Colleague: 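I'd like to ask some things about the structure below.
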Protein chains: 2
Amino acid sequence: MNSELCFKTAVELTGLIRDHTISVVEVMAAHLAQIERINLKVNALCTLLPEQALEQAAAADERLARGEIPGPLYGLPIAIKDVVETKDIRTTFGSPIYKDFIPERDALVVERLKAAGAIVIGKTNVPEFGAGSHTFNPVFGATRNPYDLGRSCGGSSGGGAVSVACGMTPIADGSDLGGSVRNPPSFNNVVGLRPCPGRIPRYPNPQPWNTLPVLGPMGRTVRDVALMLSAMAGPDARDPLTLNEAPRLFAEPLDFDFKGARIAWSRNLGEFPVEPAVVEALESALPTFSDLGCEVEEAHPDFSGAGEIFQVLRAEGFALGHAEHLEKHRDLLKDTVIWNTEEGLKLRAIDVARAQARRAQLFYRVHEFFQDYDFLLLPVSQVVPFPIETDWVREINGVEMETYIDWMMSCSLITLTEHPAISVPAGFTPEGLPVGLQIVGPFRREIDVLRLAYAFEQATRVGEKRPEIAV
Amino acid sequence: MNSELCFKTAVELTGLIRDHTISVVEVMAAHLAQIERINLKVNALCTLLPEQALEQAAAADERLARGEIPGPLYGLPIAIKDVVETKDIRTTFGSPIYKDFIPERDALVVERLKAAGAIVIGKTNVPEFGAGSHTFNPVFGATRNPYDLGRSCGGSSGGGAVSVACGMTPIADGSDLGGSVRNPPSFNNVVGLRPCPGRIPRYPNPQPWNTLPVLGPMGRTVRDVALMLSAMAGPDARDPLTLNEAPRLFAEPLDFDFKGARIAWSRNLGEFPVEPAVVEALESALPTFSDLGCEVEEAHPDFSGAGEIFQVLRAEGFALGHAEHLEKHRDLLKDTVIWNTEEGLKLRAIDVARAQARRAQLFYRVHEFFQDYDFLLLPVSQVVPFPIETDWVREINGVEMETYIDWMMSCSLITLTEHPAISVPAGFTPEGLPVGLQIVGPFRREIDVLRLAYAFEQATRVGEKRPEIAV
């Protein structure tokens, strides 16, 4: 049956293609069938080019037969997040302002994914301009959580996470400013990595010195995420933050002995409320780390004041990104984007500079913390997937959320530290909703994060449970 | 004679010390004698600790005798720029506000220089808060140009450049935002390198995400500068911009065959006036590159609008750095610092974000330019060393300068590009004033810049001429 092929990992699929055991066309046809069967229910893929995809799959089979050396993602169907520009494929950013926008070129990351052999079959749905961790917009509507169609799939990389969760694509690209490549994996029982700034170069980019937004890979397994990272990462001189290391390491086996690793667990960084169902699911998973030989204790760096720093820096980016939209198309913007942009336009330069200075102190405190601990564990999301009609989470455990992003501090505070962080499936609520664990590793050490997440995944196998509607 | 020892290179001196041919105490005594003989004339070293220096030299000899493996700068006297914090040694920033400030710890770069074996003998003079490329302040007065005591030595790393030029220290640390490690070498016939942001990590640093200011080495030869860089560079996780490459490469021989290298020469980047004496000296030096087998043609990237971008980003940094000084000690600040800080305080966040967005376009244009050329040559300074009484250059070739930093656009515009740039001795005016050539290399390729500067230095030997007062 076709859907079986769709739940093979990217590592398996590329191996089968490379061995000529299956053809790229077979892989593509299976995924297109799965999309036809599932996508109407979840609305994860907002733009789809099936004929073109099959043509490219056939061409890939021909090139392979002629002896082309396949790249690491050869023959895998992929759909690109709709905030990332794709040549000749509509890119809406989830906004009616861009509902008919067709870019003339691919973003660098799309070029790289194509060069690695992936075949772009369409786009994945996003919140309007990627704002807020809940995927809905006036162009395509909402993407639904496949574990409960009445609930949110998170965001902003929601379409991608659901596509992967449902076997409609084996991998998906994401991006993350305040948690966008961590929260949707958590809500949909898949894996997502936020790398360090500069690991995956971005071009073109109007804000290349802004270290909050990054690109990141998603997949159903940690190895698939690492494989995808190996194709996305690596230096490019058009990104001033680019890191020079070659990304080969990420394609290698992730086995590692974590005996004696010092692990800190924090349910809230001392800063935010978390729903009991999230804490319970994660605390049930913690003994796995002891079983792996790690020393686990409750601890966290001092994050006081970090919420305000994040709000200032986020608002500055919104001001640059949306001042013109606000001026010309205010009526076409959602309230939260208007609010965030107006907050940014109120800021003085010194406010931002002072926020960065306070962030420097936080960065130093986190550095000190990582002298004593190898990893920091915490919830990916402060809440379980919420009803899809909710535009943003208004309260947690009776604590009122003042802004549309307050309920995502579990991710956004980590963003400020520039440390790599992964969301890995860790358990389910009694109602069957997925709960992800966030593993934060040492500065620039994505590989450590991937290895620990892999060890955890192998021990728990939580990520192997698929949504019933998709199997 | 002692001063002969003082004009040996750092490479030679460390070799002689390592071979036990001379002792560290001999080296130290020779330099202290040179300082006693010369410093009163030029006022380059503003704080001096001769007894402590001799004690540390004796201790270094003892450790060497006991078998300590000497670091790359072992036994070299060094004085630290007075804007860099030194443990237990007064650090004034050239400001009366800090005239009695004694830091409790060394900046990371000082730790590294000490760990490499250098012995800190005092501090080098700077403009007030390092502002402006002319070294004078109300605490210590002005540093004089050893080639003409009535003229400026440039700045802000002026004390360090003069100390090196006069053989008072073999090497000196500098820092550079708008040209501070390039202009003083140019005015004093020595070598100074502005590396890429992150090459030399900075800690502590209130603005670790600000990519304009960097640290850099100065010396009398390109190899000495490269040797010093090998001790200053290398990763440190406390700097979020840190580059991961090991700095060993910089300590290796710099010989390289530049046959066929594509070199662009620009006298003004199309943007600023340059005094004829500067252009004449540099154009006389250009045939050297043809002799080395390079292809030289006139060309430059499009820098239009870059001056304004630089002013905005510089002012933002001043606002953060000096808002509090302005509030509490306005009467103790020089006019240019007050002006620059007030300019920064007027800025909105969106002004800075838009300047960065325009800078991104410049960065991309320069990237394109470096697809066609391997190096860009231009003047380090738009003027020759000017009378020491001038607070800042008011006009060049009849063109009025609007601000105190307009006459340094030849350096500050290069800062925006993040490309490495070196100032290397290239010639003299008919009056005997030094003129430096600026060599800009590919992004992150300090080694290429050092190698070309070394080839040029070997071919021209301009840098071997020392100021008469010092020999």
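All figures in this text were calculated on a predicted structure; none of them were measured in a lab. Chain letters run A, B, ... following the sequence lines, proteins first, then strands; residues in each count from 1.
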Colleague: Could you work out, with side chain to side chain contact (heavy atoms under 4.5 Å, CB included) as the rule, every residue matching E342(A), not counting sequence neighbours?
Modeller: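 Partners of E342(A) by the side chain to side chain contact (heavy atoms under 4.5 Å, CB included) criterion, ordered by chain and then number, come out as L326(A), R330(A), I338(A).
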
Colleague: Using non-hydrogen atoms and a 4.5 Å limit, figure out which bit of R359(A) sits close to chain B: side chain, backbone, both or neither.
Modeller: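 It is both, since atoms from each part get that close.
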
Colleague: Can you give me the closest heavy-atom contact between G344(A) and A349(B), atom names plus distance?
Modeller: O-CB, 4.3 Å

Colleague: What pairs with S304(B) under side chain to side chain contact (heavy atoms under 4.5 Å, CB included), at least two apart in sequence or on another chain?
Modeller: E271(B), D302(B)

Colleague: Looking at Y364(A) and N205(B), would you say the former's side chain and the latter's main chain have a donor-acceptor pair under 3.5 Å?
Modeller: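 Present.
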
Colleague: Taking 4.5 Å as the heavy-atom cut-off, does anything in residues 231-251 of chain A contact chain B, and if so which residues?
Modeller: A237(A), R238(A), D239(A), P240(A), L241(A), T242(A), N244(A), E245(A)

Colleague: Please assess W209(B) against L313(A) for the test side chain to side chain contact (heavy atoms under 4.5 Å, CB included), listing each intermediate value before the final yes or no.
Modeller: CA-CA 12 Å; W209(B) 289 276; L313(A) 299 180; over 6 Å; no

Colleague: According to side chain to side chain contact (heavy atoms under 4.5 Å, CB included), who are the partners of V312(B), at least two apart in sequence or on a separate chain?
Modeller: L347(B), V352(B), A355(B)

Colleague: Do other residues, nucleotides or ligands put more than 12 heavy atoms under 6.0 Å from E252(B) CD?
Modeller: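 Buried by this count: over 12 neighbours within 6.0 Å.
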
Colleague: If you count heavy-atom pairs within less than 4.5 Å of chain A, which of K346(B), H367(B), E368(B) leads?
Modeller: H367(B)

Colleague: Going from CD on Q356(B) to CG on L320(A), what distance comes out if it is rounded to the nearest 0.5 angstrom?
Modeller: 9.5 Å

Colleague: What part of N210(A) gets within 4.5 angstrom of chain B, counting heavy atoms only: side chain, backbone, both, or neither?
Modeller: neither

Colleague: Write down the atom of A360(A), the atom of P206(B), and the distance for their closest heavy-atom approach.
Modeller: CB-O, 4.2 Å

Colleague: Within a 6.0 Å radius of atom CD on E104(B), are there more than 12 heavy atoms belonging to other residues, nucleotides or ligands?
Modeller: no

Colleague: Counting neighbours of CD on E111(B) that are heavy atoms of other residues, nucleotides or ligands and sit closer than 6.0 Å, is the number greater than 12?
Modeller: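 Yes - once you tally the heavy atoms of other residues, nucleotides and ligands closer than 6.0 Å, there are more than 12.
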
Colleague: Can you establish whether the number of heavy atoms outside E308(A) located under 6.0 Å from its atom CD is more than 12?
Modeller: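 No, because the 6.0 Å sphere around CD of E308(A) holds 12 heavy atoms or fewer from other groups.
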
